[in-house]
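Down below is the structure, laid out as C-alpha cells.
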2 protein chains.
Amino acid sequence: MGAFKFRGAYNAISALSPDARRAGVVTFSSGNHAQAIALAGRMLGVATTIIMPLDAPAAKIAATRGYGATIVSFDRYTQDRDAIGARLASEQGLTLIPPYDHPDVIAGQGTAAKELIEETGPLDALLVCVGGGGLLAGSALGARALSPACLVYGVEPEAGNDGQQSFRSGAIVRIAVPKTIADGAQTPSLGALTFPIIQDKVADMLTVSDGELIETMRFFAERMKIVVEPTGCLAAAAAFSAKIDIKGKRVGVIISGGNIDLSAFARFVA
Amino acid sequence: MGAFKFRGAYNAISALSPDARRAGVVTFSSGNHAQAIALAGRMLGVATTIIMPLDAPAAKIAATRGYGATIVSFDRYTQDRDAIGARLASEQGLTLIPPYDHPDVIAGQGTAAKELIEETGPLDALLVCVGGGGLLAGSALGARALSPACLVYGVEPEAGNDGQQSFRSGAIVRIAVPKTIADGAQTPSLGALTFPIIQDKVADMLTVSDGELIETMRFFAERMKIVVEPTGCLAAAAAFSAKIDIKGKRVGVIISGGNIDLSAFARFVA
C-alpha cells in the first residue's frame, strides 16, 4: 500500500488468535498505518475499524476506505485518539493494534533494515525516519543484530523533535501536535515500548527542516523518478544535508512511503 | 539516464571501430536519446555532440550537458535536423548515430522486451510506445522471436499518428511535427529501417489522446509512486482505455522514460 507500515500491520494481525481475528481489529493513524491495517485485514479476512484525523490526506482516507475498512473520524488537535480507540475496543470486543507501540508492529517494521543489510552486508550507519519510533526501534534492533558496529540514527522534522528531546534528556518528552509537512511524523511522543529500545540501540536523533524535505522530494522525483511523501524523505534529507559525517562510509537510508495527495505533491515539486 | 534509449545508444557506440570512437559521435534528439548518447559516450570514453531542439525540456538539456556532451541547438519547426547532423558528421569526421533508424540502436532497444519475456514467459500481447519506431521495431523482433504468438502493438499520440497511417497504407507517411505533450513522439515519420520491420512484425498501431496520457501519469504517480513522462505513458494509456481487448490475457506493457520538467509534471498531475 505504498509504505513500510504494511510490515508491522500484517505481522501483528497474523499473530492474533482465531477468536481475536473473528472479532476484528481497531487502530488510529494519520494514514499509512490505517491503509496497512485495512489491507492486511482484507488479505487475512479480518474486519478493520480505523480512527483517522479529519485532516489526514484525502488520498490516504480514500485508499483506506478502498481496502474495505470502516472509518471513524476525529479532530487531532482537540480529541484524544487513544481514548477513542480504547472505547471502541472495549465496546465492540476489537483488538487495538496501535501504529507503533506494539511488539509485533515493531518487529514487522524491523524487517526492512534486516532485508537491507542481508542484501548490502554490514553498514557503518543507518538513517531512519521517526514518528512514534516503531520503524526506528525495529530497524535498530535488526541493524545492531546483523551489523553490530552500525550506528543507527533517527531523523525527525525540526518542528516535531520530541524524540530528540526524549533521547537527550533520558525520559519521554511529549509535545503539542507539531505543524510540519511530514504528516506521518506528527506524533506527540515516542511510545512506552519504542523509547527504551531507541535509548539502548540508537546513536543519536537528528532533525531536518520542511525546506530540506521539499528539496529531497524534488531530487527523488527528478533524478530517481519516484514519488516519496515528506515523512518518507526524512532520512534521505539528513544524508543530503550532511547532518552527520558520512563521507567515505557505507550508509543505509530507509525511504518510505509514497502516499501524498497529488495536488500537494505538485505544489511541493513545482 | 531514465529511459530505454540508453540501451540502443550504448549498443551502437560499443560497436564502433577504435578510429570511429576516437573521432566521436553526433546525434539529434528531442531529449532522451541525447542523454543516452551523452552518458554512453562518457562511460565508453567517446566524445559526443548532440543536436537538440530549442524547445526540448530544460531538464533534458541540462542532463545532457551534465553528462559532458557538446550541445548544438536548432528550431524543430523550421530547420532540418538530419541536414545539420549530416553536415557536422562530414565536417568533423563524426559518426552519426540517429535516434532510431540504425540497426544497432534497434537491436539495443529490443533488449527491454527480451528481458521482459525472459522474466514473464510467453505473452498474448505487448504494447509499446512509438516515436520513430526504434523501440517498437526492436521489441517486435525480440517478442516474436521469444514468444511467437505474441501480438505486438505500437501506440502513438492521436495528434501524431503517422505510424498508424503508414502501417495501414503500406508506405511511410510523413506529417508536420505534431503538437502533443508526448515530446518523445514528436517525430514526423517512421524510419526507412524501422518501418519494414514494423510492417512485418506488428499486429496494429493504436493511438491515445493527451488527456488519456495525463490520466495515466496521475495513476503512476498516485498508485505506483513513479514519475513517467507523457511519451512513456503511451502503451499503458492504451491498456487502461482498452484500445484492444485485453481481458483475461497476458499483456506486456513497456513503460519508459521518466524525464520531464518537474514544473510540467506538477501541472499535469495537480
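First the proteins, then the strands, lettered A, B, ... as listed; each starts at 1. Every value quoted in this text rests on a predicted model; they were computed, and no experiment measured them.
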Please look at B:D261 and chain A and tell me whether the side chain, the backbone, both or neither of the residue comes under 4.5 angstrom of a heavy atom of that chain. neither
Proximal component of B:F268, with respect to chain A [non-hydrogen, under 4.5 Å]: neither
Side chain from CB out, backbone as N, CA, C, O: work out which of these in A:R223 comes under 4.5 Å of a heavy atom of chain B, or both, or neither. side chain
Hey, does A:K225 have a side-chain heavy atom less than 4.5 Å from the side chain of B:V228? no
State, to 0.1 Å, how close B:V227 and A:V227 come at their nearest heavy-atom pair, and which atoms those are. CG2-CG2, 4.2 Å
What are the two closest heavy atoms between B:L262 and A:A221, and how far apart are they? CD2-CB, 3.6 Å
Any chance NZ of A:K243 has more than 12 other-residue heavy atoms, nucleotides or ligands included, within less than 6.0 Å? yes
